[in-house]
Amino acid sequence: MTGQKVSGQGTSGQGIIGRAVSRVDGPLKVTGRATYAYEHGPDDAPLYGFIVGATIGKGRITRIDSRSAERAPGVCLVMTHHNAPEQGPRDESVPYEYWRAQPMLTGPDIHHYGEPVALVVATTFEQARAAAGLVEVEYAARPGRYDFGALKDDTYIPKMVNAGLPTDTAVGDFDAGFRSAAVTVDQRYTTPYGFSMPMEPHACLAVPRGEDLTVHVSCQIVDAAQASVARTLRLDPARVHIVSPYVGGGFGSKLGVHAETILAALAARALRRPVKVALTRQQVFHLVGLRPTSHQRVRLGAERDGRLVALAHDVTMHTNPDMEYAEQTAATTRSLYAAPHRLTSHRLTPLDLPRGEDVRAPGDAPGLLAVESAMDELADALGMDPVELRIRNEPTVDPERGVPYSDRHLVECLREGARRFGWERRPARPATVRDGQWLVGYGVAAAIRGHFQSPTTVRVRLAADGTATVQSDMTDIGTGTYTILTQVAADGLGLPPDRVRVELGRSEFPTSMGSGGSWGAANSSTAVHGACRTLREKLLAAVCDDTRSALRGLELEKAVFADGRVRIGDASEALGDIVARHHPDGMEATGETLAMNDDPHYTAYSIHTYGAHFAEVAVDADTAEIRLRRMLGVFSVGRVLNARTARSQLIGGMIWGAGAALEEEAVVDPRSGAFVNRDLAHYLLPVHADIPAVDAVVLDGYDDKANALGAKGIGELGICGAGAAVANAVFHATGVRVRDFPITLEKVLPGLPLLDV
């Protein structure tokens, strides 16, 4: 049998992918042994930095006096624009914002409230914070643009919107189609400024070692952090070492680095000492990007049978005049419903406020609040069941791109959700169900989110003892990356999960696009899957002509990898024995995923995830107090990698959607550009008492156009449409339609029906 040709790579017989495996990093987290950025302890005792923020929203520093702060106990450095090191410029030729330089303290001009004007570094955090209050700053304030409501018509057209999507689209003749429609809806909806607010604040420890700099930072994309720090400090990227093994949430706010990271790095290099900087919760509101406020006009025209003939979604939102960000808020409408005549557009209003950035489900979350509310209004105008209206407008191909869908099961989500929720008990007429003091209502909304693929490389190494190590700079932001990569590698190599070790979050590891945009799990898992396939091929090639192997001469294409062994029929051999004989120092392989532009499937197909949300609310008949009673989401996401973490992600998104509908709103002081409710006592988020029974169900699926695993992103789908289902339930309970989010009792109370006691 010498020279036998190896065909195939064998298969895994374990079926670990998809199981509800508990988090492999769970014991470390619950025992406090998972080390986050600010918790790392360098060899030398670290210094602590505290940022001094501007107290005006627009103008110029005319005088800054740091002498009192410099004389304060423990102070080592007060850095201002007078003594900050030279830094690299923000290079617009770098295609993605998060990879660009982020220079700080570069001049006296103030662009928004809270912008850093000084960094105080001292021996302890308390000393640094106390000394920060001694820095004297005088300003020449100028009138700023802070009031979106007053300035929303002062707009311009961006070249493109987020994710490289076109700014505007047009299909057919919308005006003619809308005029011809038997029933029309033309409404305007507003969404407020929103923030990510992860549990772990933005924090950094910068440690200088000769010409190198190690940066322990809470970030979502290690490669972006390395590039941004290197460009800002004008260093060779190889000299910047990013360490981010555990991240306490991000939701988009840690895709790029911010003031805390750059200022810690600058101070560490200036003092040749480790420096820690963490943002306070109040500082997060002004030093981290936010979801822009939006004004959305939605126009729907339908025949009497509910079929849409015209659909338009026009969005105006705020942007920072120096750092443009155009959230893709109208893009969510482009693939959702069939209609021959269509328009979408985005316009920007420059305001002197912090820049916009990606916040969980950018574009989709605020866009679906408006569109799915408008669909509910159309159903009411038609006297049609809202579930049936959506089903009647199910497209057969992508209505704007004209390509087939890869795997679309929105109708199944709607029908299964209606069955489980008991939708048939919902009365058609609003404000007709009462439970004692409470008015009860039911709402539904559809969910859609594009699935993205980006370049990712993973290395998998097999040791002679039969253990495997997975390495990537991919981050785990609390979503379960360590666990799903363990499952994919264990399944791909036929190993027990406890024989797999996953190492993440270091710039020395192979490069990925990190965690964000719901692409992280599918990208990194697909790369691991590919690396394991290559390793199986190498292992089978090794035993092909090996006279010492029990597998020699057998049909290798029938090989099954399971339980740490390779089996062909009744013959088997331990994985470790094969590696030890042929690769005593271990063997490795890399796996990769392509960019979307390089994968023909993403051109030939419209690839999305889908869902349907159902909500029940109760509204107090006297006070208009709103209580969420239950929520159900049914989702189609292709293949599920871990049933437990998938459900957790979806439920978390649903809860966020409920908060967006009922609570979450950042309020700007139009005199100064400051966010007046810049803490978690006043920027309201859902707490346990706000959220009763919530359930998420995932349909069985496999999208072979998305990737080799058939899996798609989950992390952001849960929020998409969830808020609209709650809003629609409030309308059904009361007959009051609120289009200015969030829905608070003072917006509902004036329209409550008068009821007999």
Side-chain angles (χ1 to χ4, degrees), residues 149 178 181 183-192 293-302 306 308 311-315 329 333 337 365-390 423 426-434 438-446 613-629 631 657-665 721-755:
F178 192 69
V183 179
T184 61
V185 168
D186 184 351
Q187 294 294 351
R188 290 166 169 80
Y189 306 85
T190 60
T191 61
T293 187
S294 76
H295 176 275
Q296 304 181 48
R297 182 186 184 189
V298 181
R299 288 171 286 173
L300 304 175
L308 289 168
L311 180 156
H313 189 183
D314 302 301
V315 181
T329 305
T333 311
Y337 296 119
L368 285 168
L369 267 177
V371 170
E372 286 300 284
S373 293
M375 284 294 284
D376 199 67
E377 298 205 46
L378 179 60
D380 184 61
L382 289 163
M384 181 177 290
D385 180 86
V387 171
E388 178 60 26
L389 174 64
R390 288 166 171 82
W423 185 255
R426 173 190 181 271
R429 197 157 60 89
T432 57
V433 179
R434 188 166 180 179
W438 299 92
L439 299 163
V440 180
Y442 309 92
V444 64
H613 295 277
F614 295 82
E616 177 184 332
V617 303
V619 182
D620 190 286
D622 291 331
T623 67
E625 179 184 357
I626 302 169
R627 283 286 177 260
L628 179 65
R629 286 190 168 186
M631 290 183 77
L662 300 177
E663 297 178 279
E664 197 167 340
E665 178 181 22
V726 174
N728 295 337
V730 172
F731 168 76
H732 185 250
T734 63
V736 179
R737 179 73 65 181
V738 177
R739 303 181 183 93
D740 178 24
F741 292 98
I743 303 171
T744 49
L745 60 87
E746 73 276 7
K747 299 172 186 176
V748 177
L749 186 60
L752 281 183
L754 297 175
L755 302 177

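Side-chain atoms are counted along with the backbone in the values below, which use heavy atoms only and exclude waters and symmetry mates.
- No side-chain heavy atom of Gln296 sits under 4.5 Å from any side-chain heavy atom of Leu369.
- Thr623 places a side-chain N or O within donor-acceptor distance of the main-chain N or O of Glu625, the cut-off being under 3.5 Å.
- Classified by interplanar angle (parallel below 30°, tilted 30° to 60°, perpendicular above 60°), the ring pair Phe614/Trp423 is perpendicular.
- Side-chain contact between Ser373 and Asn728 is present, with at least one heavy-atom pair separated by less than 4.5 Å.
- In this structure, Val726 and Met631 have side chains that are in contact, with non-hydrogen atoms separated by less than 4.5 Å.
- Between the Lys747 side chain and the Val736 main chain, no donor and acceptor come within less than 3.5 Å of each other.
- Between the side chain of Thr293 and the backbone N or O of Thr191 there is at least one donor-acceptor pair closer than 3.5 Å.
- Side-chain atoms of His732 come within 3.5 Å of backbone atoms of Pro427 as a donor-acceptor pair (strictly under, hydrogens ignored).
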Show the numbers, then the answer: is there a side-chain contact (heavy atoms from CB on, under 4.5 Å) between Arg739 and Arg188?
CA-CA 7 Å; Arg739 303 181 183 93; Arg188 290 166 169 80; over 6 Å; no
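- Side-chain N or O atoms of Arg390 include one that pairs as donor or acceptor with a backbone N or O of Glu372 at under 3.5 Å.
- A salt bridge is defined here as a Lys NZ or Arg NE, NH1 or NH2 lying under 4.0 Å from an Asp or Glu carboxylate O, and Arg627 with Asp620 fails to meet this definition.
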Please step through side-chain contact (heavy atoms from CB on, under 4.5 Å) for the pair Leu300 and Tyr337, ending with a clear verdict.
CA-CA 11 Å; Leu300 304 175; Tyr337 296 119; over 6 Å; no
Intermediate values then yes/no, side-chain contact (heavy atoms from CB on, under 4.5 Å), Val298 and Gln187
CA-CA 6 Å; Val298 181; Gln187 294 294 351; 5.9 Å; no
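- By the 4.5 Å heavy-atom criterion applied to side chains, Thr184 and Arg299 are not counted as neighbours.
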